[in-house]
Every structure is written in structure tokens, then in C-alpha cells.
Amino acid sequence: MAKAGICYCCPSRCRKSRPGPERNNRLPSGNGANALRAGCEATVSETVRAHGLRHCRYRGLAKTHVQHILTAAGTNIVRLAQHRPDQHRRPRSRLQELFHTG
């Protein structure tokens, strides 16, 4: 039985047949995929920790889907309630105060 990623054609059994997973995870830094994934991971972490999405209350795929949809809607409602565009999240720095025109 051959293991994935090991070349059995030469006596040293080098790893030339397929690239390993460590090569597949390297992404170009300018494509924004890492930022997108970080945002998705943060959302999943929030739903698991704050809203208990790790365990499902119901049995069956349809009921589980409904629970996930309602949990996502609840997460969005909480985020909308916390969003205040007129308030700054942190105080302005001295440089920002100097250049602030409005």
C-alpha cells in the first residue's frame, strides 16, 4: 500500500511525487485571501463561543439548517445593535486631531 506523497520509484523514497500540504498553504501576500479567511474564522469563533453553535439542539439536517440560519441572523442583529458609525472606537491621536476638519 503506497502512502500519499512518497515516491517509491527510487531507493531513497524521496517526496517528489506530489507537493506536500506545507507547499499548498503558501498564498501570495497581495491577494487578500488571508484577510478574508481571518474574517470568516472570527465569525465562526463568535457564533461558537457566544451563541453556542458547537452543539445542535435538534436532530435532522433541515432543523439543524434552520438553527444555523437563526443563529446567523441573531449574530447579525447583535452586530447591528453594537454598530455606531458616529462614535469612534478609540480616541483620536494628536495627529488625527490636527488633521481633522469636521
*Asks:* Roughly how far apart are R59 CZ and T64 OG1, rounded to 0.5 Å?
*Replies:*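 So the CZ of R59 and the OG1 of T64 are separated by 10.5 Å.
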
*Asks:* Could you measure the distance from the SG atom of C56 to the NE2 atom of H68? Nearest 0.5 Å is fine.
*Replies:*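 The distance works out to 5.5 Å.
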
*Asks:* Let me confirm one number: the CG-OG1 distance from L80 to T75, rounded to the nearest 0.5 Å.
*Replies:*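 It is 11.0 Å, given to the nearest 0.5 Å.
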
*Asks:* Using side chain to side chain contact (heavy atoms under 4.5 Å, CB included) as the criterion, list what pairs up with H65, not counting sequence neighbours.
*Replies:*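 Expected list: I69.
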
*Asks:* Can you list every side chain to side chain donor-acceptor pair (under 3.5 Å) pair that touches residues 39-50, not counting sequence neighbours?
*Replies:*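 Sorted result for residues 39-50: T43-R79, S45-R49, E46-R79.
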
